[in-house]
Undergrad: 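Shown below is the structure under consideration.
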Amino acid sequence: MRVESRQQVRTLRELEEAAILAALEESGGNKSCAAKMLGISRKALYKRLGEMEIF
C-alpha cells in the first residue's frame, strides 16, 4: 500500500487533542462547557486531559 503525502496526515490522537484544546479555548477554559461542546462527559474530558498530561 502506497500513501501519497500531498497533505500532512495527523493521527486520531492528534486530531482529538486539537479538538480538546480548541474547545477549551472557545469555552474560556471552562471544562464543563468544553465537554458539552465535544459531546463527552466531564469525566471523559478529565481522563483525556490526564492522558495528554495537561491536567
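Just so it is clear, the structure is predicted and the values come from calculations on it, not from any experiment. Excluded from the calculations below are hydrogen atoms, water molecules and symmetry mates; all remaining heavy atoms, backbone and side chain alike, are included.
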Undergrad: Using a 6.0 Å cut-off, check whether atom CG of Leu12 has over 12 heavy atoms from anything other than its own residue.
TA: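 No, because the 6.0 Å sphere around CG of Leu12 holds 12 heavy atoms or fewer from other groups.
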Undergrad: Between CD of Glu26 and CE of Met37, what distance do you get to the nearest 0.5 Å?
TA: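 Going from the CD atom of Glu26 to the CE atom of Met37 covers 4.5 Å.
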Undergrad: Listed by chain and number, what are the side-chain hydrogen bond (donor to acceptor under 3.5 Å, both in side chains) partners of Glu51, not counting sequence neighbours?
TA: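 With sequence neighbours excluded, Glu51 shows a side-chain hydrogen bond (donor to acceptor under 3.5 Å, both in side chains) to no residue whatsoever.
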Undergrad: Within the distance-only criterion (no hydrogens, no angle test), does the side chain of Glu14 pair as donor or acceptor with the backbone N or O of Thr11 below 3.5 angstrom?
TA: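 At least one qualifying donor-acceptor pair exists.
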Undergrad: Would you mind reporting whether Met52 and Leu21 have side-chain heavy atoms less than 4.5 Å apart?
TA: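 Answer yes - side chains close enough.
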Undergrad: Is any side-chain heavy atom of Leu24 closer than 4.5 Å to a side-chain heavy atom of Leu49?
TA: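 Yes, side chains in contact.
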Undergrad: So how far is it from Arg48 CZ to Leu38 CG, rounded to the nearest 0.5 Å?
TA: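 Nearest 0.5 Å value for the CZ-CG distance: 8.5 Å.
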Undergrad: Do you know the tightest heavy-atom contact between Leu45 and Ile20?
TA: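 Where Leu45 meets Ile20 most closely, the heavy atoms are CD1-CG2, 3.8 Å.
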